[in-house]
Amino acid sequence: HIVGLEVGLVGGYAAWLGFEGLVVIIGGLAGGAVAYYLQDILIWKHIDAFATNGKVIIIFYALFAFAGIVLFRRKRHAKLLAVASSLVGGGLAASAVAWGITFWAVKANAFKALTPESGVWLDFFDLIWNPASKDVGLLAGSKYNIELRGATWRTDRMGTVALAVAFFAVGVV
């Protein structure tokens with residue numbers, strides 16, 4: 001019942017504001033998205049209240065939604081959106097470049113000394129954000145991967161992340 005009341009109040013406030021109410025809705029959604037991401041991290045860190053306690057979860061999401069609404073209403077989101085869009089855009093561009101090069105190498109049967117492993121573009125996007133992702137790229141399963149303290153640093157992932165960081169830096173500037 002509380003969540004329905006919150007949604008009704010925010011919807012009423014947004015309707016009262018008219019077109020500016022869209023900013024309220026987007027701010028609430030952005031705050032909710034941040035809360036969703038942080039909840040996953042907190043559960044991963046074994047803070048069980050964020051997985052099992054309904055009151056804690058409701059308060060957590062409400063606080064982040066409210067913070068998002070306040071930030072967006074006060075126009076404090078412009079710089080954040082510039083950074084966030086550059087971050088996502090850098091990942092999209094780098095994964096597209098890595099996918100294209102690998103796709104070409106596999107189709108042209110080039111780089112025979114390497115072990116190119118193709119996949120769908122989303123595999124390359126996942127390669128940037130997820131360390132446990134499928135091993136794809138020009139050097140998939142390569143002898144050039146780095147073993148450090150029991151962890152494998154995959155060469156394709158390091159290269160694609162470096163390219164994404166470069167695109168991000170250009171986008172932010």
Side-chain angles (χ1 to χ4, degrees), residues 1-96 98-99 119-136 148-154 156-158 160-173:
H1 299 322
I2 292 174
V3 174
L5 179 63
E6 289 176 4
V7 171
L9 288 172
V10 169
Y13 180 59
W16 180 67
L17 290 174
F19 184 72
E20 275 293 309
L22 243 101
V23 172
V24 169
I25 300 296
I26 293 170
L29 289 172
V34 170
Y36 180 79
Y37 177 73
L38 290 176
Q39 181 186 21
D40 278 350
I41 292 172
L42 293 168
I43 292 169
W44 179 68
K45 293 285 189 181
H46 304 290
I47 302 174
D48 296 331
F50 289 95
T52 58
N53 190 327
K55 290 178 183 176
V56 169
I57 295 169
I58 288 171
I59 291 169
F60 184 71
Y61 274 85
L63 287 174
F64 275 91
F66 182 71
I69 290 168
V70 169
L71 287 173
F72 274 61
R73 280 288 289 150
R74 293 187 177 172
K75 310 282 189 236
R76 301 275 193 250
H77 64 287
K79 290 180 183 176
L80 177 65
L81 284 179
V83 171
S85 63
S86 294
L87 184 66
V88 173
L92 291 170
S95 61
W99 175 83
V120 295
W121 164 79
L122 195 55
D123 291 335
F124 289 83
F125 187 70
D126 193 34
L127 185 69
I128 294 170
W129 306 106
N130 181 6
S133 63
K134 179 180 174 186
D135 194 10
V136 293
L148 184 63
R149 296 185 182 198
T152 302
W153 292 68
R154 294 178 290 161
D156 282 311
R157 183 167 192 271
M158 290 188 294
T160 308
V161 167
L163 186 58
V165 168
F167 283 137
F168 166 74
V170 169
V172 168
V173 174

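Side chains are part of it too, since the values below use all heavy atoms of this structure and drop only hydrogens, waters and symmetry mates. Model, not experiment: these values are computed from the prediction.
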Mind listing the closest non-hydrogen atom pair of [X] and [Y] along with its distance?
X	Y	result
Val23	Arg73	CG1-N, 4.1 Å
Glu6	Ala62	OE2-CB, 3.6 Å
Ser95	Trp121	OG-NE1, 2.9 Å

Hey, are the side chains of [X] and [Y] touching, using non-hydrogen atoms and a 4.5 Å cut-off?
X	Y	answer
Ile57	Gln39	yes
Asp40	Trp44	no
Phe125	Leu92	yes
Leu148	Trp153	yes
Val136	Asp156	no

**Q.** Trp129 atom CH2, over 12 foreign heavy atoms within 6.0 Å
**A.** yes
Q) Would you say the side-chain atoms of Trp99 pair up with the backbone N or O of Val120, donor to acceptor, closer than 3.5 Å? A) no
Q) Of Leu127, Ile128, Asp126, which meets side chain to side chain contact (heavy atoms under 4.5 Å, CB included) against Asn130? A) Asp126
Q: List in chain and number order the residues that pass ring-ring contact (aromatic ring centres under 6.0 Å, His included) with Phe60, two or more places apart in sequence or in another chain; answer none if no residue qualifies.
A: Phe50, Phe64
Q: Working to the nearest 0.5 Å, report the span between CD1 of Ile69 and CG of Leu29.
A: 9.0 Å
